[in-house]
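Lettering follows sequence order; numbering is per chain, from 1. All values derive from a computational prediction rather than experimental measurement.
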Amino acid sequence: MPELPEVETVRRTLAAEVVGRTFRGVTVRRRDVIATELDPAGGFSRVRGGAELVTPRPARVPKAALLVGDRVVDVLRRGKQLAMVGASGRAVAVHLGMSGQLLVAGAGERLKEASWGDAHDHVVWRLDDGGRLVFRDPRRFGGLKTSPSVEHLRNERWSALGPDALEATCEGLQERAGASARAVKAVLLDQTVLAGVGNIYADEALFRARVNPARLARELDREAWARLALHVRGVLVEAIRAGGSTLRDYTDARGHAGTFKASHAVYGRGGEPCLACGAVLESALLAQRTTVWCHACQPLR
DNA sequence: CTTATGACCTGATAGC
DNA sequence: TGCTATCAGGTCATAA
């Protein structure tokens, strides 16, 4: 579900609610959404596939690893990942996957109920002001990863991520992907090249940059990379201002939807007219993802 | 090493 | 109404 603008919006709304608060307790309803530094076989790094590869029964998660007894001093983001940092120095990284949410309810408020009830409320924290924080994720593509320090978070959890997409540069993109034989759209989705762009903003940035998504990265000239870097940053900044794109489920930590969907030029508009030239927008699978572009504004050449 | 592909999950919706 | 097929904002392991 969430790409950089949605995650950044969650970061801001979550920070406003939890920074300065102390976690008084936590209930873990699904252990397997959590990976700890001692037991990496949990959370979104858990082993998937054949039954013979199923991991041994995971150990209990120490409450301190989930920041219980800790005052929250910061909420960080890199690409699509978040992390809450405690005064102890410990950190809990959160990846929202496709359907994950972090939601806060103030003292006396009920947590916003999903249509399926609380069946997918996997981790619930109690705050010292009587509030609650829940990690909810029906599809379970997301999860939590604990770290003993921010240094460990950056060096182990986030080390494989490329630079944050808000810092995209022509030089950086060219250096990391300029020789690649892949389609430029696949490169933009690769979190080791650039962290934070997903299917919506890849298509939107390619449209703004007038680059065809199927063009091979190694065929792009410097001007094309420069336009891409500029428009990746531009569309992400605009989307953050709008609180992100709510297609169906996404909300910030207070349950509010984002409004950037109304500004999508191509995503979700296959078969409709191009807003720039009126041509019918194309839609096809590329890099396993539905991709929409304008054949006139974004020529293959 | 690089690149492509199917797998991992559940819920909403469209079509019969 | 009720069933089935398809699709979804993202990674991840494995194979070529």
| remark: Heavy atoms of A/L153 and A/A83 approach each other most closely as CD2-CB, 3.6 Å
| request: Using atom CG of A/L247 as one end and atom C1' of C/dG10 as the other, report the distance to the nearest whole Å. | output: 14 Å
| Taking atom C1' of B/dG11 as reference, at what distance in whole Å does atom CG of A/D249 sit? | 8 Å
| said: What is the distance, to the nearest angstrom, from the CZ atom on A/R182 to the C1' atom on B/dT2? | reply: 8 Å
| request: Over 60° means perpendicular and under 30° means parallel, so classify the ring planes of A/F135 and A/H122, tilted if in between. | output: tilted
| task | Answer with base, sugar-phosphate or nothing: what part of the nucleic acid does A/Y267 contact at a heavy-atom distance below 4.0 Å? | result | sugar-phosphate
| query | Can you check whether A/F141 stacks with the C/dT11 base, using ring centres under 5.5 Å and planes within 30°? | reply | no
| query | Do the side-chain N or O atoms of A/R140 get closer than 4.0 angstrom to the phosphate oxygens (OP1, OP2) of B/dT10? | reply | yes
| Looking only at side-chain N and O atoms, does A/H120 come under 4.0 Å of OP1 or OP2 in B/dG11? | yes
| said: Any base atoms under 4.0 Å from A/A287, or only sugar-phosphate, or nothing? Heavy atoms, all strands. | reply: nothing
| query | Does A/S115 place a side-chain N or O at less than 4.0 Å from the phosphate oxygens OP1/OP2 of B/dG11? | reply | no
| message | So, applying salt bridge (Lys or Arg N to Asp or Glu O under 4.0 Å) with A/R136, which one of A/D121, A/D118, A/D249 is it? | response | A/D121
| note | Walking DNA chain B from its 5' end, the first of A/Q288 and A/S180 to be reached, judged by nearest nucleotide, is A/S180
| field | Side-chain touch A/M84/A/W125, heavy atoms, less than 4.5 angstrom | value | yes
| Contact under 4.0 Å: A/K80 side-chain N or O vs C/dG9 OP1/OP2 | no
| said: Rounding to an integer number of Å, can you tell me how far A/R30 CZ sits from B/dC8 C1'? | reply: 12 Å
| remark: To the nearest angstrom, the CD-P distance between A/Q101 and C/dG10 comes to 15 Å
| request: In whole angstrom, give me the gap between the P atoms of C/dT14 and B/dC9. | output: 15 Å
| task | Report yes if a side-chain nitrogen or oxygen of A/H95 is closer than 4.0 Å to either non-bridging phosphate oxygen (OP1 or OP2) of C/dT11; otherwise report no. | result | yes
| said: Let's test this: given Watson-Crick or G-U wobble pairing with both distances under 3.5 Å, identify the partner of B/dA14. | reply: C/dT4
| request: Report the base-pairing partner of C/dG9 (Watson-Crick or G-U wobble, both distances below 3.5 angstrom), or none. | output: none
| query | Which heavy-atom pair separates A/V10 from A/D252 by the least distance, and what is that distance? | reply | CG2-CA, 4.1 Å
| Backbone of A/Y267 reached by a side-chain donor or acceptor of A/E204 within 3.5 Å | yes
| Side-chain N,O (A/R289) to OP1/OP2 (C/dG9) below 4.0 Å | yes
| task | Give a yes/no answer on whether the side chain of A/S99 brings an N or O atom under 4.0 Å of OP1 or OP2 in B/dC9. | result | no
| remark: Rounded to whole Å, the NZ-P distance (A/K185 to C/dG9) equals 8 Å
| said: Looking at C/dT11, I'd like to know if its phosphate oxygens (OP1 or OP2) sit under 4.0 Å from a side-chain N or O belonging to A/Q191. | reply: yes
| task | Take atom CG of A/L285 and atom P of B/dT5, then tell me their distance rounded to the nearest Å. | result | 11 Å
| field | Gap in Å between the two P atoms, one belonging to B/dG6 and one to C/dT6, rounded | value | 15 Å
| Rounded to the Å, how far apart are A/L194 CG and C/dG10 P? | 13 Å
